[in-house]
Q: 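Structure provided below as structure tokens; questions to follow.
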Amino acid sequence: MSRTLGPAGVPTRALDPMVAAGRPGRGSARRLDVAIGATVAALLATLVIGLGVPVEVRVVAPGLDLAIDTVATLVTLAVAVLAWQRYRDRGQRTALFEASAFLVLAAASAIAAIQALAALDTGIAAGLAPFSEGALYVATAARLIAATLLVVGEAPALRASGTRMPRLVAIGPAAVVVGLVLVAPAVAGALPPLLGATATGPGQPVPALPPPTAANVVLQAIGAALFAAAAASARRRAVRGGPVSEGFLAVGLVFAAFAQLHLAFYPSAYAGIMTSGDLLYLAFDVILLLGIEAETRAYTVELRHANLGLERLREAEVGRAAIEERARLSRELHDGLAQDLWFAKLKVGRLAALPDLDPEARSLCSELDEAIDAGLTEARQAVMALRAEDHAADSFSELMARYVDDYGDRFGIRTEFVCARDVPRLDTRVEAELLRIAQEALSNILRHADATVVRVEVARAHGLVVLTVRDNGRGFDPSAVDGRGFGLTSMSERAALIGGRFTIDSRPLDGARVTIEIPAPPEAPGGSARGSAAGTTPTRGVAR
């Protein structure tokens with residue numbers, strides 16, 4: 001099966017729990033082979049011992065067969081529904097024939113339950129209710145039909161033809177079994193008998209099991225061979241990546257094959273008496289029930305994994321959309337606002353160059369030129385922050401140092417930048433937000449602090465990454481700020497978006513210190529930080 005990748009490189013196979021449910025590895029295949037081998041060895045031993053020791057294995061319990069047939073009906077019907085759903089979801093044509101086979105077994109169990117219910121009125125005092133030849137032929141035919149469907153479901157030609165009328169393939173054989181109930185009484189007398197004659201005397205209130213006939217042995221042996229072949233097919237599907245229930249089905253079909261052999265020598269002739277073959281079919285139903293539970297559990301696990309995959313896809317899509325929006329905004333700033341500001345700067349320069357301009361107008365031109373330069377700086381800072389993802393290969397310290405250098409060069413302020421070596425590489429969005437917070441803090445310093453020295457520091461302490469921007473300016477009283485000045489609200493909101501804590505410490509005439517603390521990402525295996533090329537970033541300092 002080909003392996004394809006969906007958005008963000010997530011395998012599409014992970015999004016289909018019906019495909020991935022219970023896919024076994026080599027260890028699972030070996031365990032399955034061991035289970036099948038042990039089952040065959042144990043059942044073969046019981047068959048050999050049973051044939052060598054003339055002891056009838058039977059359980060006399062009127063009403064028990066009704067309960068067992070009812071449970072068998074529900075279990076086989078559930079398996080048929082699961083197989084049909086697998087066919088509908090995956091188009092697996094073998095599952096269609098599997099659904100049809102178990103629907104046949106469900107119909108046969110339902111018919112047997114009805115016969116057992118009718119026989120309850122007879123009771124042991126009447127010598128238990130014997131099955132008619134017609135009923136035995138219907139039960140035998142149902143098992144042969146089911147085994148045949150399980151085997152021929154592997155044939156490519158039949159599987160291809162089955163897709164043309166899937167509902168007919170699924171329901172038709174079960175309808176045939178129901179029809180046999182109506183015609184069996186009329187035709188059973190013309191068929192070879194399946195049971196020999198038995199004698200029941202006064203001292204024998206419970207009849208002995210009838211001896212097998214040649215016709216019964218041949219039919220049950222054919223059924224055993226077909227179930228054995230079906231078990232081999234189920235084992236092959238399980239090993240090749242089928243659902244986990246296929247492994248249970250393979251083991252269960254081994255029980256069904258040996259049940260047919262037991263019925264060949266110890267026929268089930270009376271309602272209320274369960275033979276060794278009936279008990280083996282009970283084990284078959286129990287294994288099917290375990291397979292249903294295992295497949296349901298596997299689907300639950302795969303659905304959970306699929307949900308996690310979808311969550312990763314959603315996060316990747318949100319991140320991609322954010323990057324595209326940032327790129328669009330940066331282009332708008334660069335090609336729109338920045339170009340307009342440059343145009344305005346050129347016009348102001350031409351205006352200031354006029355020879356007959358009075359001193360007041362010239363002073364206003366100088367102020368306009370400074371304001372336009374500040375606007376251009378803001379635009380360039382915004383473009384740099386929005387395009388931070390384009391420099392994902394650079395470390396966070398390199399991105400921050402580049403901006404601090406540019407800030408000092410432009411405004412003639414002495415700048416220092418220090419980054420500890422143990423600071424890990426952060427998520428792209430976190431780095432972009434931290435860079436924008438630092439830009440806003442430096443912009444406030446330029447506009448309001450009248451500082452001569454600015455220090456930017458990135459450190460790691462107590463499981464946190466700490467960004468600090470401090471200056472030696474005139475400072476201010478943070479309690480007197482109403483939340484709209486100095487861009488404090490913007491920085492606080494950005495810190496909250498990345499799960500950080502924003503604090504500011506300042507006093508009049510004593511500078512200011514802005515601090516952002518965010519949780520540090522976990523260390524990757526081997527001790528290196530996630531996303532960092534070398535695991536550490538160098539300390540860098542720049543003075544202007």
Q: Is there a side chain to side chain contact (heavy atoms under 4.5 Å, CB included) between Thr94 and Arg237 once you walk through the steps?
A: CA-CA 9 Å; Thr94 54; Arg237 290 194 298 271; 3.9 Å; yes

Q: Would a 4.5 Å heavy-atom cut-off, applied to side chains only, mark Phe97 and Val151 as touching?
A: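 Phe97 does not reach Val151 side chain to side chain.
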
Q: Tell me whether Asp33 is salt-bridged to Arg235, with the criterion being a basic N under 4.0 Å from an acidic carboxylate O.
A: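 Salt bridge present between Asp33 and Arg235.
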
Q: Look up atom CZ in Phe102 and atom CG in Leu150, then write down how far apart they are to the nearest 0.5 Å.
A: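 The distance works out to 5.5 Å.
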
Q: May I ask you to say whether Arg507 pairs ionically with Asp477, meaning some side-chain N is under 4.0 Å from a carboxylate O?
A: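 No.
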
Q: Is it true that Arg236 and Glu246 make a salt bridge, defined as a side-chain N closer than 4.0 Å to a carboxylate O?
A: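 Not counted as a salt bridge, because no side-chain N and carboxylate O are separated by less than 4.0 Å.
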
Q: Should the pair Tyr281 and Phe284 be assigned to parallel (<30°), tilted (30 to 60°) or perpendicular (>60°) ring geometry?
A: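 The arrangement is perpendicular - the two ring planes meet at more than 60°.
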
Q: Report the C-alpha distance between Val104 and Leu149 in whole Å, list the side-chain angles of each, state the deciding distance to 0.1 Å, and finish with yes or no for side chain to side chain contact (heavy atoms under 4.5 Å, CB included).
A: CA-CA 9 Å; Val104 168; Leu149 287 169; 4.1 Å; yes

Q: Show your working on side chain to side chain contact (heavy atoms under 4.5 Å, CB included) between Leu249 and Glu98 and close with a plain yes or no.
A: CA-CA 10 Å; Leu249 177 60; Glu98 191 174 305; 3.8 Å; yes

Q: Under a 4.0 Å threshold between the charged nitrogen and the carboxylate oxygen, would Glu295 count as salt-bridged to Arg86?
A: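 Salt bridge flag = yes for Glu295 with Arg86.
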
Q: Taking salt bridge (charged side-chain N to carboxylate O under 4.0 Å, His left out) as the definition, give me every residue that meets it alongside Arg314, ordered by chain and number, with sequence neighbours left out.
A: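 Here the qualifying residues are Glu311.
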
Q: Calculate, to the nearest 0.5 Å, the distance between atoms OH and OG belonging to Tyr299 and Ser245 respectively.
A: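 Answer rounded to 0.5 Å: 6.0 Å.
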
Q: A side-chain contact here means heavy atoms from C-beta on lying under 4.5 Å apart; do Val514 and Phe502 qualify?
A: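 Sidechains of Phe502 and Val514: in contact.
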
Q: When the side chains of residues 357-366 are checked against the rest of the protein, which donor-acceptor pairs come out under 3.5 Å, sequence neighbours left out?
A:
unit_1	atom_1	unit_2	atom_2	d
Asp358	OD1	Glu360	N	3.1
Asp358	OD1	Ala361	N	2.8
Arg362	NH1	Ala352	O	2.5
Arg362	NH2	Leu354	O	3.2
Arg362	NH2	Leu357	O	3.3

Q: Which is it for Leu435 and Met400 under the side chain to side chain contact (heavy atoms under 4.5 Å, CB included) test, yes or no, and what are the steps along the way?
A: CA-CA 7 Å; Leu435 182 61; Met400 188 67 75; 3.9 Å; yes

Q: Applying salt bridge (charged side-chain N to carboxylate O under 4.0 Å, His left out), name anything that partners Arg513, two or more places apart in sequence or on another chain.
A: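 Arg513 satisfies salt bridge (charged side-chain N to carboxylate O under 4.0 Å, His left out) with Asp505 only.
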
Q: Among all residues two or more places apart in sequence or in another chain, which pass the salt bridge (charged side-chain N to carboxylate O under 4.0 Å, His left out) test with Glu293?
A: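 Arg297.
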
Q: Going by the rule salt bridge (charged side-chain N to carboxylate O under 4.0 Å, His left out), which residues pair with Arg501 if we only count those two or more places apart in sequence or in a different chain?
A: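 Result, salt bridge (charged side-chain N to carboxylate O under 4.0 Å, His left out) vs Arg501: Glu517.
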
Q: Are any of the side-chain nitrogens in Glu398 or Arg425 under 4.0 Å away from the carboxylate oxygens of its partner?
A: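 So Glu398 does not pair with Arg425 through a salt bridge.
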
Q: Do you know which two heavy atoms are closest between Val75 and Asp285, and how far apart they sit?
A: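 Distance-wise, the nearest heavy atoms are CG1-O, 3.6 Å.
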
Q: Under the side-chain hydrogen bond (donor to acceptor under 3.5 Å, both in side chains) test, which residues partner Arg304, sequence neighbours left out?
A: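 Result, side-chain hydrogen bond (donor to acceptor under 3.5 Å, both in side chains) vs Arg304: none returned.
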
